[in-house]
2 protein chains.
Amino acid sequence: MRTHAQHELTKNQALVYGSLSDAGGPLTAYAILDLLRENGFRAPLQVYRALDKLVEFGMVHRLESLNAFVACSHKGCAGHGSAAFAICEKCGDVREFTPDDVVRLLKDWTESQGFALARTTIELRGTCKSCVASG
Amino acid sequence: MRTHAQHELTKNQALVYGSLSDAGGPLTAYAILDLLRENGFRAPLQVYRALDKLVEFGMVHRLESLNAFVACSHKGCAGHGSAAFAICEKCGDVREFTPDDVVRLLKDWTESQGFALARTTIELRGTCKSCVASG
DNA sequence: GCATCTATGTTATGTTGTAACACACATAGC
DNA sequence: GCTATGTGTGTTACAACATAACATAGATGC
Ligand SMILES: [Zn+2]
Ligand SMILES: [Zn+2]
Ligand SMILES: [Zn+2]
Ligand SMILES: [Zn+2]
């Protein structure tokens, strides 16, 4: 039994997830494509199809405000509560966190409005601690 | 003294804002361009440049998860606290609200992390009340 | 064998967003 | 008047992001 694979990935899914995991930060689909050309990737759809599945599995998150994708920071994660992201505009660092209290308030609001919530996007832009410190 | 114009808009800005205001919902930049061809618009930059200013003025919001823009629902608004959006995936309706408590919690988190928050993106996807009722 | 489902490969196209350069217009300083 | 400066504008070309449509390949179940 595998400990770190809730989903058996196909070859392309594994390659794409590997790229994101190795990168340790967000990559665009086309950046992934370029990284994987030496593995035989030729067309954007090969990347997008794998990303669709990985996002569905909860192993990868899409950053809407960057048009980019990032591996979930919970290693071997098979999905968790809604995530939020703090994105540094100086260095590009992305920090994932899970603000359950925030999500609870948003869910309360949607319920009070009769809105059936499917998913949330929370992305914070600013400057990270080390970039603030260094000027 | 004008009551509804905190900013004197240029011709192009007024046209773009008018389109969004009349639409009563989100439009992509290219949809705006098509609407404004009869007013002499020929190129996407004419739209994007106006949108940049309108967003800066706080009169228009960008919806990252739709790659679209929407007039602020506060008429004559010159900017307010961070907004959030509930987006119906059935009918496309977008409801703007201002969840101060949520923003406060997010701000607390960023401050505890030394992250200098510049702006927030909060977008909720789901099904609106009337679409839930009718389907 | 045959239907069905999923994954994959490939070409072409559609959608969203900018770079670079030129020009018009207003305002301020000389 | 005449420059300098800043901002708004117009235009061409291009870059970046995403999908449609069609073909092929392998696995599973009957
Ligand atoms: Zn995650
Ligand atoms: Zn940083
Ligand atoms: Zn608003
Ligand atoms: Zn609806």
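Chain A is the first sequence line, chain B the second, and so forth, proteins listed ahead of strands; every chain is numbered from 1. Keep in mind the model is a prediction, meaning the values are calculated, not measured. These values consider heavy atoms only, across backbone and side chains, with no hydrogens, waters or symmetry-generated copies.
On the nucleic acid side, DNA chain C has its first and last nucleotide under 4.0 Å of a heavy atom of chain A at dA7(C) to dT11(C), going 5' to 3'.
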Nucleotide N/O of nucleotides 8-12 of chain D paired with protein N/O under 3.5 Å:
from, atom 1, to, atom 2, distance (Å)
dT9(D), OP1, Thr10(B), OG1, 3.1
dT9(D), OP1, Asn12(B), N, 3.3
dT9(D), OP2, Thr10(B), OG1, 3.3
dG10(D), OP2, Asn12(B), ND2, 3.0
dG10(D), OP2, Gln46(B), NE2, 2.5
dG10(D), N7, Arg49(B), NH2, 2.4
dG10(D), O6, Arg49(B), NH1, 3.2
dG10(D), O6, Arg49(B), NH2, 3.3

Measure all distances between protein nitrogen or oxygen atoms and nitrogen or oxygen atoms of nucleotides 26-28 of chain D, and list the pairs falling under 3.5 Å.
none

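Leu54(A) places a side-chain heavy atom less than 4.5 Å from the side chain of Val16(A). Contact check for Cys88(A) versus Lys129(A): no side-chain heavy atoms found under the 4.5 Å cut-off.
The stretch residues 25-35 of chain B touches DNA chain C through Thr28(B), Tyr30(B), each having a heavy atom within less than 4.0 Å of the strand.
Note on Arg119(A) versus Glu89(B): salt bridge recorded, some NZ/NE/NH1/NH2 to OD/OE distance being below 4.0 Å. Salt bridge annotation for Arg104(A)-Asp100(A): absent, with no cationic side-chain nitrogen under 4.0 angstrom from a carboxylate oxygen.
In this view, Phe97(A) and Trp109(B) satisfy the ring-ring contact (aromatic ring centres under 6.0 Å, His included) rule, not counting sequence neighbours. Under the rule for a side-chain hydrogen bond (donor to acceptor under 3.5 Å, both in side chains), Thr127(B) has no partner lying at least two apart in sequence or in another chain. Remark: Phe85(B) pairs with His61(B) by the ring-ring contact (aromatic ring centres under 6.0 Å, His included) rule, at least two apart or across chains. Residues that satisfy the side-chain hydrogen bond (donor to acceptor under 3.5 Å, both in side chains) test with Thr120(A), not counting sequence neighbours, are Ser82(A). Annotation: side-chain hydrogen bond (donor to acceptor under 3.5 Å, both in side chains) contacts of Ser65(B) (sequence neighbours excluded): Glu123(B), Arg125(B). For Arg42(B), there are no side-chain hydrogen bond (donor to acceptor under 3.5 Å, both in side chains) partners at least two apart in sequence or on another chain. With sequence neighbours left out, the salt bridge (Lys or Arg N to Asp or Glu O under 4.0 Å) criterion links Arg49(A) to no other residue.
The phosphate of dC17(D) has neither OP1 nor OP2 within less than 4.0 Å of any side-chain N or O from Asn67(B).
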For residues 26-35 of chain A, which side-chain N or O atoms pair as donor and acceptor with protein atoms under 3.5 Å away, sequence neighbours left out?
from, atom 1, to, atom 2, distance (Å)
Thr28(A), OG1, Ala31(A), N, 3.1
Asp34(A), OD1, Arg37(A), NE, 3.2

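Phe115(A) and Ile87(B) get closest at one heavy-atom pair: CZ-O, 3.5 Å.
What separates CD of Glu8(B) from C1' of dT7(D) is a distance of 16 Å, to the nearest Å.
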